[in-house]
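First the structure, in the form of structure tokens, and then the observations on it.
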Amino acid sequence: MNCEDVRAALLAGIDGPAEQAHLQSCSACRAKLETLEAARNVLAVPAVWEEPPPELEEQVVGLITGRRQVPTTRRWFRYAAGIAAGVLVVAVGVSLLLNRADWRIDMTAPSPDVVADIAGWNTSEGTRLALHVKGLGSAPEGFVYELWFSAGADHVSAGTFKDPSSVRLVVGVARLDYPHIWVTLEPLDGNPAPSSSVVLETGT
Amino acid sequence: MMRRFRNGDPTAVRELYRRYANPVFSLAFGVLGDRGLAEEAVQQTFLQAWRGASRFNVDKDPAPWLYTIARRVTVDLYRREKRHESDRIDTEMAVLGESFEGTWERWAVREAVDRLPAEEQAIVRSIHFLGLSRQETADRLGIPLGTVQSRAHRAHRRLAGLLQHLSEATA
């Protein structure tokens, strides 16, 4: 047996006479023994086999590529961003002290049976969000819900989700700059623009 | 790829996500014990990576850099949830507390598993995670025992090679 075969066997949990004989004469493999046993134990840890839901990929790609649409080159925006950053730092400190969201607002829906609110924590990366909805079912097959931050015609997606009851998202912009927050029902057609099917909305 | 990722190329963002989303998720889930929080960790990790990509040396392996970001994000989420614990009724959070030790090993093992061909991944999962014998694996996957044995050997050889850096790091 060569070193590669022995290491494969040890990682697989096979520790027969041939492997033992090799180990006695091979210090390089003996040095790997502990690591291979540790790796074998890790392979049995359930968390190692956990995977994110498939829809998270679009959410992350949208979050990053969507940010490129933010108009960062205009001088007034830079000044505003500087002021906003200062406000955010203070706001984060205050929120930590109070141990609660920086803001929380009700969202309205076409149906009076739907009750929703959204809370936000301002961070240096943007805004962390918690959306809570009652009375609205999961998105039907072939559709997802998508939450948007908008300023006029400039829309930034915070991500998509199927079950709207309790959703956590991160968006790379601040509510200060993107005051209109809304949720649409989106067909899975690859179109990155918001659909006209609005299911929840805040005031501006 | 990292050069393109730094420039915000959607294809590179997707490529990096597909390569590393599973290790990020399994690291975060192992510590936080909550799928929603682990998803948040994945989002924040890739967002912070993108924001910090200009400082990353594109000639280097991105795995240790991404691991560092993912771990820091997970620690922050863990602390945040601990702070909010008294405000929330969430039984899932009661299982929090798994050690942060071993997160690099879990990351490295998951990353290595993801680099195996799908048919070898299925064998490794069956043997180690499900705890099935070779024969039970063959029955479950509907393939001959000999195929299971040869794929298992190839998979473990490949994994042992991919995980060499673990022993180098601790040597």
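Naming: A, B, ... by sequence-line order, numbering from 1 per chain.
We find that B:Glu39 and A:Arg168 are not joined by a salt bridge, their nearest charged nitrogen and carboxylate oxygen being 4.0 Å or further apart.
In this structure, the separation between NE2 on B:His153 and CD1 on A:Ile14 is 9.0 Å, given to the nearest 0.5 Å. Remark: B:Gln164 CD to A:Arg7 CZ distance equals 6.0 Å, nearest 0.5 Å. Rounded to the nearest 0.5 angstrom, B:Arg35 CZ and A:Leu56 CG are separated by 10.0 Å.
In terms of heavy atoms, B:Arg134 sits closest to A:Ala12 at NH2-CB, 3.7 Å. Closest approach of B:Ser26 and A:Glu50 over heavy atoms only: CB-O, 4.1 Å. B:Arg157 and A:Asp5 make their closest contact through NH1-OD1, 2.6 Å (heavy atoms, listed as atom of the first residue, atom of the second, distance). Nearest heavy atoms, A:Leu63 versus B:Gln43: CD2-O, 4.3 Å. When every heavy atom of B:Phe5 is checked against every heavy atom of A:Ile64, the shortest pair comes out as CE1-CD1, 4.5 Å.
Ranked by heavy-atom pairs under 4.5 Å with chain B, the list A:Val42, A:Val60, A:Val48 is led by A:Val48. No other option in A:Ser166, A:Gly13, A:Pro46, A:Ala9 has as many heavy-atom pairs under 4.5 Å with chain B as A:Pro46. Counting heavy-atom pairs closer than 4.5 Å to chain A, the top-ranked of the candidates B:Val13, B:Asn22, B:Ile127 is B:Asn22. No other option in B:Leu130, B:Val124, B:Leu16, B:Val24 has as many heavy-atom pairs under 4.5 Å with chain A as B:Val124.
Within the 4.5 angstrom heavy-atom criterion, atoms from both the backbone and the side chain of A:Leu169 approach chain B. Using a 4.5 Å cut-off between heavy atoms, A:Leu36 touches chain B through its side chain atoms alone. With a threshold of 4.5 angstrom between heavy atoms, A:Ala130 does not approach chain B through any atom at all. Only the side chain of B:Tyr17 has a heavy atom closer than 4.5 Å to any heavy atom of chain A. Looking at B:Arg18, the atoms closer than 4.5 Å to chain A (heavy atoms on both sides) all sit in the side chain, from C-beta outward. In this structure, chain A has a heavy atom under 4.5 Å from the side chain of B:Val113, while its backbone stays farther away. Within the 4.5 angstrom heavy-atom criterion, no atom of B:Ala38 approaches chain A.
By the 6.0 Å contact criterion, CD on A:Gln20 is enclosed, its count of non-hydrogen atoms from other residues, nucleotides or ligands being greater than 12. Around atom CD of B:Glu119, more than 12 heavy atoms belonging to other residues, nucleotides or ligands sit under 6.0 Å away.
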Go through the steps to decide whether B:Arg110 and A:Glu51 satisfy the test salt bridge (Lys or Arg N to Asp or Glu O under 4.0 Å), and finish with yes or no. CA-CA 10 Å; B:Arg110 179 62 207 229; A:Glu51 294 182 359; 2.6 Å; yes

Checking A:Leu43 against B:Phe129 for the side chain to side chain contact (heavy atoms under 4.5 Å, CB included) test, could you report, in this order, the C-alpha distance in whole Å, the side-chain angles of both residues, the deciding distance, and whether it holds? CA-CA 6 Å; A:Leu43 281 168; B:Phe129 175 56; over 6 Å; no

Steps toward side chain to side chain contact (heavy atoms under 4.5 Å, CB included) verdict (A:Glu58, B:Arg14): CA-CA 8 Å; A:Glu58 289 310 318; B:Arg14 202 175 290 283; 2.7 Å; yes

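With contacts defined as side-chain heavy-atom distances shorter than 4.5 Å, the pair A:Thr35/B:Leu163 does not qualify.
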